[in-house]
Colleague: 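I'd like to ask you about the structure that follows.
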Amino acid sequence: MDTISSSASLSTPRFRCFDPTNSYHSTTTVNHRPYFLTFSANSTTASTRDCSSKDAMKNSTKYEPKIITGDDGYVLEDVPHLTDHISDLPTYPNPLQDNPSYSVVKQYFVNADDTVVQKIVVQKDSLRGTHFRRAGPRQKVYFESDEVHACIVTCGGLCPGLNTVIRELVCGLYHMYGVNRVLGIEGGYRGFYARNTVLLSPKVVNDIHKRGGTILGTSRGGYDTSKIVDSIEDRGINQVYIIGGDGTQRGASVIFEEIRRRGLKVAVVGIPKTIDNDIPVIDKSFGFDTAVEEAQRAINAAHVEAESFENGIGVVKLMGRYSGFIAMHATLASRDVDCCLIPESPFYLEGPGGLFEFIRKRLKEHGHMVIVIAEGAGQELLSESMRAMDQQDASGNKLLQDVGLWISQKIKDNFANREKMNITLKYIDPTYMIRAIPSNASDNVYCTLLAHSAIHGAMAGYTGFTVGPVNGRHAYIPFHRVTERQNKVVITDRMWARLLSSTNQPSFVDPKQVIKDKDTVDEEPRSQLLNGENHIDTLTTQERV
C-alpha cells in the first residue's frame with residue numbers, strides 16, 4: 001500500500017505552515033520498529049480503475065481489518081486507504097500550504113506516523129496497547145480541489161449539531177481546500193435515489209447552525225446499497241460524508257465495501273451522531289452536552305412543581321434507549337434529583353429496598369421529590385401486553401413503551417390504594433424539545449473539529465472510517481469498531497457511585513448481584529471499565545486535536 005509521503009522524501013519545503021526542524025520519520029516503520037500489515041483487499045491494476053469496469057473486483061474478498069503491530073504490544077487498528085484497491089494513485093501538495101490562515105502555525109501537518117492510544121490509564125508494566133491513526137491534514141493529498149465532488153447526507157433521528165456539522169463540512173471544503181462542488185442529499189439514505197438534491201455553498205449554509213434539526217432532512221431505513229452506489233457513481237461523487245448513529249455507520253460500511261468492490265476512487269467518511277452518547281471508542285457524541293444542558297430546564301420545572309405541593313413528585317423522562325448517560329449527567333449537574341433510573345441499573349418497585357419504599361421515605365423526609373428516568377429503563381417490568389417485544393422501527397431499533405407514563409401511573413396507584421397517601425405527581429417528557437434545539441457553544445466547537453477532521457482524512461485518501469476524539473485527540477476509527485457494541489454506563493464505576501452519593505438513592509440491586517457483575521467486568525478489557533470515567537474527564541479536552 002502506498003503511504004502518505006513524508007518530508008524525508010521531499011526537497012526543501014516551501015510551506016509556510018511546515019517547520020522543517022520537525023521533519024517526519026520514514027513511514028516504513030512505526031517509531032523505527034517493524035510492523036506487519038494484514039488485510040485481504042487485493043490491489044488492482046490501472047485498467048481495473050476504470051469505473052465502467054464494474055466486474056473488476058467482484059471476486060475480491062471482503063475487506064478485513066488492517067492491523068499493524070510493533071514492539072512492546074503496540075497495535076494500530078488502521079483504516080482503509082484508496083491505494084488499498086487502486087494502485088498508482090497520484091498525489092498532490094496540500095492546498096493548505098498556501099493558505100494564509102494557517103501560515104502562522106509552526107507545524108500544521110500531522111506526522112504520518114502519529115497515532116492515538118485507546119487506553120490512557122496504564123501501569124508501568126503495561127503493553128502499549130491499541131492505537132488509532134491520528135486525524136489531521138497531511139502534506140500530500142489524493143484529490144485535486146477541482147476534482148472533488150462531495151456529498152453530505154444525514155440519517156436517523158434528530159440531534160443538536162447536525163446543521164453545524166453540515167455547515168462546517170461545506171465551509172471547510174471550500175475555505176481550506178478550494179472545493180466548490182458539494183451536494184446535499186435530502187431525506188437520508190433513500191435520498192440518493194428517491195429524493196431531490198441541493199447544491200451547498202458557504203452562502204447557503206451560512207446561518208444554519210442557529211437552527212435545530214437538519215436542512216437536508218432525514219429518515220430511517222430506505223437502504224438499498226446498489227442503488228446508492230449507482231447514484232454516487234452516476235453523479236461523479238468522489239467524497240461521501242455520512243452523518244448518523246451506529247445503524248447509519250453500519251450502512252456506511254456496506255457502502256464502502258461496494259465502492260471498494262467496484263474499484264471506485266470514492267472516499268467514504270462517517271461522522272458519528274447519537275444524542276444518547278452510546279457510540280463506543282470515542283469520548284462522546286456531538287449534541288450530548290446540549291442535551292444535558294437542556295434537560296436541566298425540564299428537571300428544574302419538575303422540581304418547582306414538586307416542592308410547590310404537599311407530597312409533590314416530579315417525574316422527568318429523558319432520552320436513553322440502551323444507555324443512561326444523559327440521565328446520569330443531567331442528574332449530577334442538577335443536584336435537585338432524588339432518584340435516577342437508567343437501563344444499565346435494574347430496579348424493582350415493591351418490597352424492602354424497592355422504589356416505592358424509597359419514595360415514601362423521601363416524601364416523609366423532604367415533602368417532595370424528583371425522579372429522572374431514561375426511556376429504556378424498567379422495560380422488563382412492563383407487562384407483556386404492554387411491550388412491543390419483536391417490533392422495530394425502520395432503523396432496526398426496538399420499539400419501547402413509554403416507561404415514564406407507566407411508572408407515573410404505578411406510583412399513583414400504589415400511594416392511592418396501598419399507602420393511603422395523597423400525592424401530586426407531574427410528568428414531564430422533554431424528548432423532542434431537547435432533540436430539536438440548536439447546539440450550544442461547546443457542541444458547536446466540537447462539530448467544527450469533527451467536520452474538519454473528516455475533510456482532512458478524505459483528502460488524504462483515507463476511506464471506510466469514522467472520526468471522533470479518543471482521549472481528547474481526534475482519530476480515524478474503522479467502522480467496525482463503532483458498530484460492534486454500544487457504550488453503556490458502568491454501574492460498578494466511580495461515576496455511578498458519585499450519582500448514588502449525590503441523590504442518596506439505593507442501588508435497587510441485590511449486593512450479591514453487584515459483586516457478581518463487578519467480577520464479570522473485571523475480566524473484560526480495562527478500557528471498557530474506564531468508559532464511564534472517560535466520558536466526564538474528557539469533556540473539556542476536545543479542543544486538543
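Predicted, not measured: the structure shown is a model, and the values here were computed from it.
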Colleague: For residues 203-222, which residue pairs pass the ring-ring contact (aromatic ring centres under 6.0 Å, His included) check, not counting sequence neighbours?
Modeller: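 Of all non-adjacent pairs touching residues 203-222, none passes ring-ring contact (aromatic ring centres under 6.0 Å, His included).
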
Colleague: May I ask you to decide if G244's main-chain N or O and Q249's side chain share a donor-acceptor pair within less than 3.5 Å?
Modeller: yes

Colleague: Has the side chain of T154 got a donor or acceptor atom that lies under 3.5 Å from a matching backbone atom of G217?
Modeller: yes

Colleague: Could you check D278 against R321 for salt bridge (Lys or Arg N to Asp or Glu O under 4.0 Å), going step by step and ending with a plain yes or no?
Modeller: CA-CA 9 Å; D278 59 1; R321 182 180 295 271; over 6 Å; no

Colleague: Are the side chain of N417 and the backbone N or O of D413 linked by a donor-acceptor pair below 3.5 Å?
Modeller: yes

Colleague: So, taking the atom named CG in D429 and the one named CD1 in I373, what distance separates them when rounded to the nearest 0.5 Å?
Modeller: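 Taking CG in D429 and CD1 in I373, the distance rounds to 11.5 Å.
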
Colleague: Quick one, I371 and I359 - any side-chain contact, counting heavy atoms below 4.5 Å?
Modeller: yes

Colleague: Check whether E294 reaches the backbone of M433 with its side chain - one donor and one acceptor, N or O, closer than 3.5 Å.
Modeller: no

Colleague: Report yes or no: does E357 contribute a side-chain atom to a donor-acceptor pair with the main-chain N or O of G353 at less than 3.5 Å?
Modeller: yes

Colleague: Check for me whether the distance between the ring centres of F286 and Y446 falls short of 6.0 Å.
Modeller: no

Colleague: Going by atom types only, do D276 and T274 share a side-chain donor-acceptor pair under 3.5 Å?
Modeller: no

Colleague: Would the distance check show the side chain of T331 and the main-chain N or O of A327 forming a donor-acceptor pair, the cut-off being under 3.5 Å?
Modeller: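 Flag set: sc T331 to bb A327 pair under 3.5 Å.
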
Colleague: With rounding to the nearest 0.5 Å, note down the distance linking CZ in F356 to CG in N414.
Modeller: 4.0 Å

Colleague: Report the distance from atom CZ of R335 to atom OG of S502, rounding to the nearest 0.5 Å.
Modeller: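 Going from the CZ atom of R335 to the OG atom of S502 covers 4.0 Å.
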
Colleague: Side chains of V403 and Q379: closer than 4.5 Å at any heavy-atom pair?
Modeller: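 The answer is yes; the side chains approach within 4.5 Å.
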
Colleague: Report yes if the side chains of V204 and L199 come closer than 4.5 Å at any heavy-atom pair, otherwise no.
Modeller: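 No; the side chains remain at least 4.5 Å from each other.
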
Colleague: Is it the case that the side chain of Y189 and the backbone of T248 share a donor-acceptor pair, with hydrogens and angles ignored and the cut-off at 3.5 Å?
Modeller: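 Flag set: sc Y189 to bb T248 pair under 3.5 Å.
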
Colleague: One thing to verify: whether K317 and D402 come together as a salt bridge, which I'm taking to mean a side-chain N less than 4.0 angstrom from a carboxylate O.
Modeller: yes

Colleague: If the plane angle is over 60° it's perpendicular, under 30° parallel, otherwise tilted; pick one for H329 and F288.
Modeller: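 Ring orientation of H329 relative to F288: perpendicular.
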
Colleague: Starting at CD of Q296, measure out to CD1 of I299 and round the result to the nearest 0.5 Å.
Modeller: 5.0 Å

Colleague: Where the side chain of T214 meets the backbone of L216, is there a donor-acceptor pair that is under 3.5 Å apart?
Modeller: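 Yes, T214 side chain to L216 backbone: donor-acceptor pair under 3.5 Å.
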
Colleague: Do any N or O atoms from the side chain of D283 and from the backbone of N471 form a donor-acceptor pair under 3.5 angstrom?
Modeller: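 Confirmed, D283 side chain pairs with N471 backbone.
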
Colleague: Tell me whether Y476 contacts the main-chain N or O of G136 through its side chain, where contact means a donor paired with an acceptor under 3.5 Å.
Modeller: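 Answer holds: yes.
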
Colleague: Between side-chain atoms of residues 157-175 and protein atoms elsewhere (two or more places apart, or another chain), which donor-acceptor pairs fall under 3.5 Å?
Modeller:
from: N163; atom 1: OD1; to: I215; atom 2: N; distance (Å): 2.9
from: N163; atom 1: ND2; to: I208; atom 2: O; distance (Å): 3.4
from: N163; atom 1: ND2; to: R211; atom 2: O; distance (Å): 3.4
from: N163; atom 1: ND2; to: G212; atom 2: O; distance (Å): 3.3
from: N163; atom 1: ND2; to: G213; atom 2: O; distance (Å): 3.3
from: T164; atom 1: OG1; to: S439; atom 2: OG; distance (Å): 3.3
from: T164; atom 1: OG1; to: N444; atom 2: OD1; distance (Å): 2.8
from: R167; atom 1: NE; to: N206; atom 2: O; distance (Å): 2.9

Colleague: Return the CG to CD distance between D443 and E293, rounded to the nearest 0.5 Å.
Modeller: 9.0 Å

Colleague: Please tell me if the side chains of L363 and M421 come closer than 4.5 Å, counting only heavy atoms from C-beta onward.
Modeller: yes

Colleague: Only counting residues at least two apart or in another chain, list the ones meeting side chain to side chain contact (heavy atoms under 4.5 Å, CB included) with S408.
Modeller: V315, L425, Y427

Colleague: Say whether T431 and R435, considering side chains only, have a donor N or O and an acceptor N or O under 3.5 Å apart.
Modeller: no

Colleague: Using the six-membered ring wherever Trp is involved, compare the ring planes of Y348 and F508 and label them parallel, tilted or perpendicular (cut-offs 30° and 60°).
Modeller: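 Correct class here is perpendicular.
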
Colleague: At their closest point, which heavy atom of F192 faces which heavy atom of V153, and how far apart are they?
Modeller: CE1-CG1, 4.1 Å

Colleague: For the aromatic rings, using the six-membered ring if either is Trp, is the centroid distance between Y177 and H456 under 6.0 Å?
Modeller: yes

